[in-house]
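Notes follow the structure.
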Amino acid sequence: MKGLGELERTVMEVLWAREDAGSGAATARDVSRALAGDRDLAHTTVMTVLDRLAKKGFLERERDGRAWRYRPVESREGYVTELMLGALEETGDRDAALVHFVRSVSSDEVDVLRQALAALTKEPPA
């Protein structure tokens, strides 16, 4: 999965926040209103960005009368996971990259990693 440009990321943040709040899919007008306080964007610009994100596979859309409703295909965490995996593919030595990554995280994050690894290695009940 490719990275997002600055404006694409800003639009995705609005949509991810809506999903996190349980608000569901958004129209271009909803996104424009959410961005109005932070950025002075033309409504047509927001529509174009949403259309591009849908064509790139980041959003799914459905018709709602004359408008489209957009929702993220992946969660924010899923997107970041894809970025991290893509970065690992770029290195010639995945093991070294993983070790370097683990050495750079906080002790709380190390605990989260340990818990996740322990959960993955547990055998299912017989």
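As the structure is a prediction and not an experimental result, all values here were calculated from the model.
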Could you check if a side-chain atom of V80 sits within less than 4.5 angstrom of a side-chain atom of E77, using non-hydrogen atoms only? no

Hits for salt bridge (charged side-chain N to carboxylate O under 4.0 Å, His left out) against E89, two or more places apart or cross-chain, chain-then-number order -> R94

Test of understanding: with side chain to side chain donor-acceptor pair (under 3.5 Å), list the residues that count as partners of H43, not counting sequence neighbours. S32

Where D51 and Y70 come nearest, the two heavy atoms and their spacing: N-OH, 4.2 Å

Do other residues, nucleotides or ligands put more than 12 heavy atoms under 6.0 Å from the CZ atom of R63? yes

Taking C-beta and beyond as the side chain, do V11 and L35 meet within less than 4.5 Å on heavy atoms? yes

Between L15 and A26, which heavy-atom pair has the shortest distance, and what is it? CD2-CB, 3.6 Å

So which pairs with a foot in residues 8-38 pass ring-ring contact (aromatic ring centres under 6.0 Å, His included), sequence neighbours left out? W16-Y79

Indicate yes or no: does E19 engage R71 in a salt bridge with an N to O separation below 4.0 Å. yes

Between OG1 of T81 and CZ of R76, what distance do you get to the nearest 0.5 Å? 12.5 Å

Using a cut-off of 6.0 Å, state whether more than 12 heavy atoms not belonging to R52 lie near its atom CZ. no

Listed by chain and number, what are the side chain to side chain donor-acceptor pair (under 3.5 Å) partners of D108, not counting sequence neighbours? none

I'd like to check the side chain to side chain contact (heavy atoms under 4.5 Å, CB included) partners of A67; sequence neighbours left out, ordered by chain and number. T27

Transitively linked via ILVMFWY side-chain contacts under 4.5 Å: L85 with L4? no

Compare every heavy atom of V14 with every heavy atom of A34, then report the nearest pair and how far apart it is. CB-CG1, 3.7 Å

With distance as the sole test, does T91 use its side chain to make a donor-acceptor pair with the main-chain N or O of L88 at under 3.5 Å? no

hydrophobic_cluster_shared for M47 and V31, side chain cutoff 4.5 Å: no

Suppose we screen for salt bridge (charged side-chain N to carboxylate O under 4.0 Å, His left out). Which residues come up paired with D95, at least two apart in sequence or across chains? none

In chain order, what residues pass the side chain to side chain contact (heavy atoms under 4.5 Å, CB included) check against S23, with sequence neighbours excluded? R18, A21

Give a yes or no on whether D40 atom CG has more than 12 heavy-atom contacts from other residues, nucleotides or ligands under 6.0 Å away. no

Going by side chain to side chain contact (heavy atoms under 4.5 Å, CB included), name the residues that satisfy it together with R39, two or more places apart in sequence or in a different chain. E6, L7, T10, L41

Please identify each residue that fulfils salt bridge (charged side-chain N to carboxylate O under 4.0 Å, His left out) with D64, with sequence neighbours left out. R69

Going through the distances and angles, do R29 and V46 end up as a side chain to side chain contact (heavy atoms under 4.5 Å, CB included)? CA-CA 8 Å; R29 186 146 323 274; V46 173; over 6 Å; no

How would you list, by chain and number, every residue that makes a side chain to side chain contact (heavy atoms under 4.5 Å, CB included) with A42, sequence neighbours excluded? T44, T45

Identify the two heavy atoms, one from E74 and one from G78, that lie closest to each other, and give their separation to 0.1 Å. OE1-CA, 3.4 Å

I'd like to check the salt bridge (charged side-chain N to carboxylate O under 4.0 Å, His left out) partners of R9; sequence neighbours left out, ordered by chain and number. E13

Could you list the donor-acceptor pairs under 3.5 angstrom formed between side-chain atoms of residues 109-117 and any protein atom two or more places apart in sequence or on another chain?
unit_1 : atom_1 : unit_2 : atom_2 : d
E109   : OE1    : S106   : N      : 2.8
E109   : OE1    : S106   : OG     : 3.2

Find out whether V73 and F58 are in side-chain contact, i.e. whether some heavy atom of one side chain is under 4.5 Å from a heavy atom of the other. no

